[in-house]
Amino acid sequence: MAEPAEVRIQVTRSGGVAGIRRGWCVESQEADAWEPLVAACPWDAEPESVGADRFVWLIEVAAPPPVRTARLPEGAVHGPWRELVERVREQGEPVRPARRHGRRSEHG
Amino acid sequence: MRREGQPPSGDVAADEAYEGLGSTFDLYSEVFARNSIDGAGLPLRATVHYGHLYDNAFWDGERMVCGDGDGEVFGRFTRSLSVIGHELTHGVTQFASGLVYRGQSGALNESVSDVFGALVEQYAAGQTSDQATWLIGAGLFTPEVQGEALRSMRHPGMAYDDDVLGRDPQPAHFDDYIQTDEDDGGVHLNSGIPNRAFVLVADALGGHAWERAGRIWYDAMTTRLPADVDFAGFALATAHAASARYGEVSAELDAVRAGWHGVGVTIDGRAG
Ligand SMILES: [Zn+2]
């Protein structure tokens, strides 16, 4: 059995003109590398979106503790948020879309 | 930057955006007698090549902004005239009704952009309702993607089915309305419901969709529509628009009622 991951962070992008959901998730044992990135983000801010067809980002930190969640309009993803999102996309794995209708064969 | 009346710039995205702004202006001006998106001649503006491998096009409150795509899922977003019409219609909605971009009013905001985006394309091509694809964003996906467009207004939920992107999640009926916190409350998902209602109306009336179905939707969206209107309220507004323009006993009002009924949205008995 593998040890439970010390780091588990998922970033999910929804919206945009296409309305297509994409997700990336990183699991790692290197809490020291990730903790400063997570801590640098302004978790309490609630920025507003302007315009239409902007992406919406959901940032979920399951570990290291505490569990944290933020929902961000695309325009707010800069500075430490951008750093975190980019790192998860680079070092994590894409989250496969759910097979909600089950009419295709399973593979991969 | 290519200004009105200047020759082609040689930049494909800039030239496509320029042509698309012109086609959108023409539909609103020639069919609905609306002078630009604010009704007062506001110059239409676009930014192209936005960001790096940016997989989106959006309306920033003042202009259309288009990315070049990542080359894996999407190519450049200016390729689709329906998407250009969609983005600029967000500007029309902003000035006309200010539909709140969340939940049902947000899905209506999205749907109205799809409706007029499709009509820009159909008007430019001279297509009738039965000749039109009713696809939004056809040709934006790379050949790697199993799908033909971002959305199908005629068959919501059938536009793509791909290993990386998953299956087109749009519902086609109000019974399947999606409650979610993502995507500003599912605005790009639930728009499938009013999109299909519009196609049902356009099909029932036949001919060029912009002439009667489009006129009814345009009247509804520009006549005292509450910014937080829900599907039923918008359906009622289209019924009022149909009876005001075509009469209380008319094929147009019948088509509007049947269209909304077809997607499970009931129009209040006082309508028409
Ligand atoms: Zn939109």
Distance-minimising heavy-atom pair for A:Ala52 and B:Glu87: O-OE1, 4.5 Å
Over all heavy atoms of both residues, which pair between B:Glu182 and A:Ser14 is shortest? Give the atoms and the distance, please. CB-OG, 3.6 Å
Would you say [atom1] of [X] has more than 12 non-hydrogen atoms from neighbouring residues, nucleotides or ligands within 6.0 angstrom?
X	atom1	value
B:Arg79	CZ	no
A:Glu83	CD	no
A:Arg68	CZ	yes
A:Glu86	CD	yes

Side chain, backbone, both or neither: which part of B:Leu189 has a heavy atom under 4.5 Å from chain A? side chain
What part of B:Asp114 gets within 4.5 angstrom of chain A, counting heavy atoms only: side chain, backbone, both, or neither? neither
Rounded to the nearest 0.5 angstrom, the CG-OG1 distance for B:Asp183 and A:Thr12 is 13.0 Å
So which residue, B:Glu110, B:Glu62, B:His188, ends up with the most heavy-atom pairs under 4.5 Å with chain A? B:His188
Could you check which of B:Asp60, B:Val83, B:Val187, B:Val164 has the highest count of heavy-atom pairs closer than 4.5 Å to chain A? B:Val164
Sort A:Arg54 into side chain, backbone, both or neither according to what part of it lies under 4.5 angstrom from a heavy atom of chain B. both
Option in A:Ile20, A:Leu58, A:Val17 with maximal non-hydrogen atom pairs under 4.5 Å from chain B: A:Val17
Before giving the answer on side-chain contact (heavy atoms from CB on, under 4.5 Å), spell out for B:Asp55 and A:Arg13 the whole-Å C-alpha distance, their side-chain angles and the decisive distance to 0.1 Å. CA-CA 11 Å; B:Asp55 260 347; A:Arg13 190 182 79 186; 4.2 Å; yes
Side-chain donor or acceptor of B:Tyr101 paired with backbone N/O of A:Asp53 under 3.5 Å: yes
